[in-house]
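Step one of this worksheet: look at the structure below.
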Amino acid sequence: MIILDTNQLESLKPPNGPVLRILSKLANATGNGLALPEMVMVEHLAHRRNKVNVLQDNLRKAVDAISTEVADARFYKGTVDVDAVIGDYQRRLECVINEVLPTPESAAREALIREAERRAPAETRWDSKPGRGARDVAIWLTVVDSAARNREENYYFVSEDRAFGGEHGLASDLVRELKEHSSGEVGNLKYFARVGDLLSHLAGEAAEFPDESKISDSQLVASAVAQAIEDSDASSAFGDAAGSVAPKARMYHYSIPTPQAVELLRIEKPSAYRMQGIGWAAFKAVWKLSTEVELEAHNGDELVFEGLVSVTGPFETMLVCELDSLLNVTSAEVTEVRVYRGATLSISVVE
């Protein structure tokens, strides 16, 4: 079982981060599940909720500010249902995470005692600051409890938190705790500071990222990108841009670009892993969308515009590709797609 701490979970950009998807694939291939301690799930969702609340507050302030300058402007005045947003996010996350490990009943009391006594993985320094680290203790006790109850199963705990040891390996106090566990040594638990280290351990083979041409020339990739644009909220960018063609319209209907309409501009953050002859590549890619679209624009029942328009603009995607032994793409999955940050689509009427 692979268990992630909060810092590693959030570094993987859940629930659609491509490296998280590769981790899930490798976990399944090696017979391991992906799990979170209950406290990690609670903390992560709290972070997510706070982020949504802050963004909503910033949106309100921006709308109020611009409305004072543009009296007749029509701006978004609604509010986000934060509970619904977090509930939907949790459901999507649980499609990737196989299990949430419950906190042992005795963990809360033990966490407070260790925090007070400055015992690992709580803060161990005695200074003017109050004790802290009870959450780290609760997470640690959850991991150890599960590993101790399932000794026939390999456990991998991943956290960069220095409370557990960080890049120097598992802290000596925690190593001793595993050896001296009340039910006998817990020898099936391994510690990694970063997901990349664990992936290399699980894969066991050197991996090479394919040449950019193998990505750009792949019809599997192009088809996956075009389909992702159609299926995702990113397609709403067509409607937003169509306002320049038919500013009086309030409803738009349009066709979706064909696979040949996307051109790879660049690849960012590439990583690759291989196991048992199968390779996986994870990366961000920026694409130029350039195609002609049949557009209908309506204002209520009134047809404002109907015709062919040219659409151009950049999209960015997160992808996971399966590779054969020659690094050719054999399957492609787009885990996230959106209009490139800060950019808008350009639409013009085809005469």
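Values below: all heavy atoms of this structure, side chains included; hydrogens, waters and symmetry mates excluded.
When each of Thr335, Leu34, Val195 is checked for a side-chain contact (heavy atoms from CB on, under 4.5 Å) with Leu20, only Leu34 meets the rule.
Side-chain atoms of Asp81 come within 3.5 Å of backbone atoms of Ala84 as a donor-acceptor pair (strictly under, hydrogens ignored). With hydrogens and angles ignored, the 3.5 Å screen pairs no side-chain donor or acceptor of Asp161 with any backbone N or O of Asp136. Asn50 places no side-chain N or O within 3.5 Å of a backbone atom of Ala46 that could act as its donor or acceptor partner. Asn98 places no side-chain N or O within donor-acceptor distance of the main-chain N or O of Gly33, the cut-off being under 3.5 Å. For Arg114 (side chain) and Ala120 (main-chain N/O), a donor-acceptor pair under 3.5 Å exists by modelled atom type. Looking only at distances, a side-chain donor or acceptor of Thr330 sits under 3.5 Å from a matching main-chain atom of Glu322. Remark: the backbone N or O of Lys288 is not paired with any side-chain donor or acceptor of Glu263 at under 3.5 angstrom. Panel note: side chain Asn7, backbone Glu160; a donor-acceptor pair is recorded below 3.5 Å.
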Checklist entry - Given the rule in the salt bridge (charged side-chain N to carboxylate O under 4.0 Å, His left out) test, do Arg162 and Glu123 qualify, once you have shown the distances and angles that lead to the verdict? => result CA-CA 10 Å; Arg162 65 177 183 82; Glu123 177 59 69; 3.1 Å; yes
Next on the checklist: Using the rule given for side-chain hydrogen bond (donor to acceptor under 3.5 Å, both in side chains), can you reason through Ser159 versus Asp5, listing the C-alpha separation, both sets of side-chain angles and the distance that settles it, and then say yes or no?
Outcome noted: CA-CA 5 Å; Ser159 175; Asp5 194 7; 2.6 Å; yes
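When hydrophobic residues (I, L, V, M, F, W, Y) are linked wherever their side-chain heavy atoms come within less than 4.5 Å, Leu55 remains an isolated member. Residue Met318 shares its hydrophobic cluster (ILVMFWY side chains chained together at separations under 4.5 Å) with no other residue.
The SG atom of Cys321 sits 13.0 Å away from the CH2 atom of Trp280 when rounded to the nearest 0.5 Å. Distance check, rounded to the nearest 0.5 Å: CG of Asn188 to CG of Asn150 gives 8.0 Å. Taken from CG in Leu202 to CD1 in Ile22, the straight-line distance is 12.0 Å, to the nearest 0.5 Å. Between the CG atom in Leu308 and the CG atom in Leu295 there is a gap of 9.5 Å [rounded to 0.5 Å]. Note that the CG atom of Asp217 and the CG atom of Leu264 stand 9.5 Å from one another [nearest 0.5 Å]. Interatomic distance, Leu101 CG to Met39 CE, rounded to the nearest 0.5 Å: 12.5 Å.
Under the 4.5 Å side-chain contact rule for hydrophobic residues, Leu4 and Val96 share a cluster. Leu141 and Val175 fall within a single hydrophobic cluster, where Ile, Leu, Val, Met, Phe, Trp and Tyr side chains are chained together by heavy-atom contacts under 4.5 Å. One hydrophobic cluster, built from ILVMFWY side chains closer than 4.5 Å, holds both Met275 and Val158. Note: the hydrophobic cluster containing Val225 does not contain Tyr340 (ILVMFWY, side chain heavy atoms under 4.5 Å, direct or indirect links). Taken together through direct or relayed side-chain contacts under 4.5 Å among Ile, Leu, Val, Met, Phe, Trp and Tyr, Val349 and Leu289 form part of one hydrophobic cluster.
Between the side chains of Ser146 and Tyr155, at least one donor N or O lies within less than 3.5 Å of an accepting N or O. Between Arg338 and Thr317, the side chains place no donor N or O within less than 3.5 Å of an acceptor N or O (distance only, hydrogens not considered). Asn154 and Lys190 form no side-chain donor-acceptor contact under 3.5 Å, judged by distance and modelled atom types alone. Judged by distance alone, the side chains of Thr30 and Asn32 do bring a donor and an acceptor atom under 3.5 Å apart.
By the 6.0 Å contact criterion, NZ on Lys284 is enclosed, its count of non-hydrogen atoms from other residues, nucleotides or ligands being greater than 12. The neighbour count for Glu94 CD, taken as heavy atoms of other residues, nucleotides or ligands under 6.0 Å away, is above 12. More than 12 heavy atoms of other shown residues, nucleotides or ligands fall within 6.0 angstrom of atom CZ in Arg274. Glu105 CD: 12 or fewer foreign heavy atoms inside a 6.0 Å radius.
Listed here is the closest heavy atom pair of Val137 and Ala111: CG1-CA, 3.5 Å.
A salt bridge does not link Arg60 to Asp64: none of the charged side-chain nitrogens sits closer than 4.0 Å to a carboxylate oxygen. For Glu185 and Arg151, the salt-bridge test fails: no basic side-chain N is under 4.0 Å from an acidic carboxylate O. The pair Arg92-Asp88 counts as a salt bridge, with a side-chain nitrogen and a carboxylate oxygen less than 4.0 angstrom apart. At a threshold of 4.0 Å, the pair Lys214-Asp211 does not count as salt-bridged, since none of the basic side-chain nitrogens sits closer than that to a carboxylate oxygen. Between Arg266 and Glu212 there is no salt bridge, since none of the side-chain N atoms of the basic residue sits less than 4.0 Å from a carboxylate O of the acidic one.
Note that Arg48 lies in the cation-pi zone of Tyr89, set by a 6.0 Å cut-off to the ring centre and a 45° limit from the axis.
Counting heavy atoms from C-beta outward, Leu323 and Ile278 have side chains that stay 4.5 Å or more apart.
Aromatic ring centroids of Tyr191 and Tyr156 lie 6.0 Å or more apart.
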